[in-house]
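Working notes for the structure below.
Chain naming here is simple, since letters A, B, ... match the order of the sequence lines and numbering starts at 1 in each.
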2 protein chains.
Amino acid sequence: MAVPRAARTQRRTRIQEEKEERILEAALDVFSVHGFRGSTIDQIAEAARMSKPNLLYYFRTKEAIHRQLIDRVLSTWLEPLQAFDAEGSPESEIRSYIRRKLEMARDFPRESRLFANEVLQGAPHIEDELKGPLKELVDEKAEVIRAWSRAGKIAKCDPYHLIFSIWSTTQHYADFDVQVRAVLGQEQAGEGRFEDAARFLEQLYMDGLRIQST
Amino acid sequence: MAVPRAARTQRRTRIQEEKEERILEAALDVFSVHGFRGSTIDQIAEAARMSKPNLLYYFRTKEAIHRQLIDRVLSTWLEPLQAFDAEGSPESEIRSYIRRKLEMARDFPRESRLFANEVLQGAPHIEDELKGPLKELVDEKAEVIRAWSRAGKIAKCDPYHLIFSIWSTTQHYADFDVQVRAVLGQEQAGEGRFEDAARFLEQLYMDGLRIQST
DNA sequence: GTAAGCTTTTACCAATCGGTCAAATTATCG
DNA sequence: CGATAATTTGACCGATTGGTAAAAGCTTAC
């Protein structure tokens with residue numbers, strides 16, 4: 001008899017690695033569009049081009065797939081904020097944070113929607129991550145911003161709401177892509193919209209925070 | 001034999017009015033949390049405190065409930081943008097638009113999440129509304145903003161991305177409420193967060209658009 | 001009151017859901 | 001090669017899904 005999951009903790013075959021990758025890739029496709037409850041194992045199995053029992057050989061439950069997906073994507077998702085550096089200048093740090101977040105919205109929209117779906121539906125599976133690692137990271141970076149504020153490098157403002165506003169404006173282009181495209185219309189909805197967004201947002205935050213451009 | 005839906009088009013009894021209201025109210029609760037696919041008729045029926053067949057007597061299908069809910073909520077949802085007045089001053093119009101949108105995020109979070117869920121999942125049920133009425137309204141208001149820009153009343157900026165950014169920042173407080181609360185922590189997550197947000201956003205947009213406060 | 005129509009319920013349906021099982025198949029290693 | 005372990009499959013399970021049929025219960029207008 002096969003002992004797949006016990007074996008996997010010790011060493012993973014090429015096949016295991018390959019199939020798990022395919023499953024997670026397919027699951028990202030499905031979960032990011034329909035959310036956890038709206039997605040079915042059959043959908044994921046079909047997207048991964050394998051039978052349902054075969055998929056369940058690698059992941060015991062639907063939740064197991066979802067959890068691993070979340071875990072894997074979360075760290076990538078926080079990277080831009082991690083990179084936010086107290087030593088840098090407010091201008092370059094905020095500019096590049098906006099750019100990075102917009103690039104992620106452009107290049108990894110599924111990851112963005114995966115989280116958006118999860119949070120929107122009450123974050124039943126990632127509450128701990130939000131209250132733990134995420135809060136700590138934001139607290140830390142908020143302190144950096146507050147220091148800039150006090151030093152007169154940027155306008156006085158609530159650092160938390162500043163971070164929220166950058167999150168929401170940038171992720172908007174991934175999460176609400178359909179709406180953005182619909183409103184912009186065929187002509188303006190090309191890839192150039194990310195450049196336009198970057199230009200607008202950088203200007204908004206530079207002037208809004210009264211940061212002198214160098 | 002009963003002919004409920006035909007009769008309803010002619011005149012609605014007190015009971016019909018009452019029950020349909022209860023169903024839509026319950027459906028808003030359920031759909032706004034789980035999205036269309038993630039919600040079940042049973043859930044809605046239970047929330048509406050009636051049996052499933054009884055619910056299906058008033059709405060033939062799950063989609064019928066969802067559609068009516070969307071239709072009803074959409075106009076309310078667009079009201080703040082409708083109120084955006086070309087004759088007013090940029091300062092008062094943008095200020096009050098932000099306030100109104102934040103008030104809606106605070107007072108009608110379910111409505112916001114209903115749309116967020118729908119759009120996030122590809123807007124399969126409201127594509128027409130987005131490409132039609134919504135786009136037209138935004139086009140119209142974008143022209144107002146562009147005129148202000150040209151007249152030197154506000155900084156030059158892309159009016160579409162300005163509108164997107166106001167949408168995303170304000171709705172963020174409804175759609176990602178769990179995240180906002182988690183990050184702010186127990187102490188700061190009270191109702192005061194909406195006042196803090198309003199203060200931050202008004203400052204950001206006034207300075208970001210170089211609008212002189214009067 | 002009573003008859004007509006409106007509302008509600010009980011019982012049910014086929015399809016789909018997440019997941020299991022044992023057997024068949026394939027890969028790996030000596 | 002042969003044996004052992006890893007992988008894949010088809011058949012199946014009970015629960016839940018969206019939805020129906022028909023009869024019972026209730027309102028309302030005459």
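Projected onto DNA chain C by closest heavy-atom contact, A:P53 and A:T40 fall at different nucleotides, the more 5' of which corresponds to A:T40.
Atoms CD (A:E20) and P (D:dA6) sit 14 Å apart, rounded to a whole Å. One interatomic measurement links the two molecules: OH of A:Y57 to P of D:dA6, which rounds to 7 Å at whole-angstrom precision. As rounded to whole Å, 13 Å separates atom P of D:dT7 from atom CZ of A:F59. Atom-to-atom, NZ of B:K19 to C1' of C:dT9 comes out at 12 Å; the value is rounded to the nearest Å. The nearest whole Å value for the distance from the CZ atom in B:R37 to the C1' atom in C:dC17 is 11 Å. In this structure, B:H66 places its NE2 atom 13 Å from P of D:dG19, rounding to the nearest Å. Atom NE2 of A:H34 and atom P of C:dG18 are 13 Å apart (whole Å). The distance from atom CZ of B:R22 to atom C1' of C:dT7 is 13 Å, rounded to the nearest whole Å.
For the pair A:K62 and A:H66, the minimum side-chain heavy-atom distance is 4.5 Å or more. For the pair B:V138/B:W167, a side-chain contact is recorded, criterion being any heavy-atom separation below 4.5 Å from C-beta on.
Annotation: A:K135, atom NZ; neighbour count of heavy atoms from other residues, nucleotides and ligands within 6.0 Å is above 12.
Out of D:dG19, D:dT8, C:dT20, the shortest distance to the side chain of A:L56 is found at C:dT20. Side chain of A:D42, nearest nucleotide from C:dG18, D:dT8, C:dC6: C:dG18.
For the OP1/OP2 pair of D:dT7 and a distance below 4.0 Å, the side-chain nitrogens and oxygens of A:N54 include no atom meeting the criterion. Contact check, B:Q16 against C:dC6: no side-chain N or O comes under 4.0 Å of OP1 or OP2. A:S51 has no side-chain polar atom (N or O) that falls below the 4.0 Å cut-off from OP1 or OP2 of D:dT8.
Just one residue in the list B:I41, B:I44, B:D42 forms a side-chain contact (heavy atoms from CB on, under 4.5 Å) with B:V30, and that residue is B:I44.
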**Report entry** Test log, rule ring-ring contact (aromatic ring centres under 6.0 Å, His included), inputs A:F194 and B:H161
**Finding:** CA-CA 10 Å; A:F194 287 99; B:H161 292 283; 9.2 Å; no
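Interface remark: the A:K52 side chain does form a donor-acceptor pair with the C:dG18 base, using a distance-only criterion of under 3.5 Å.
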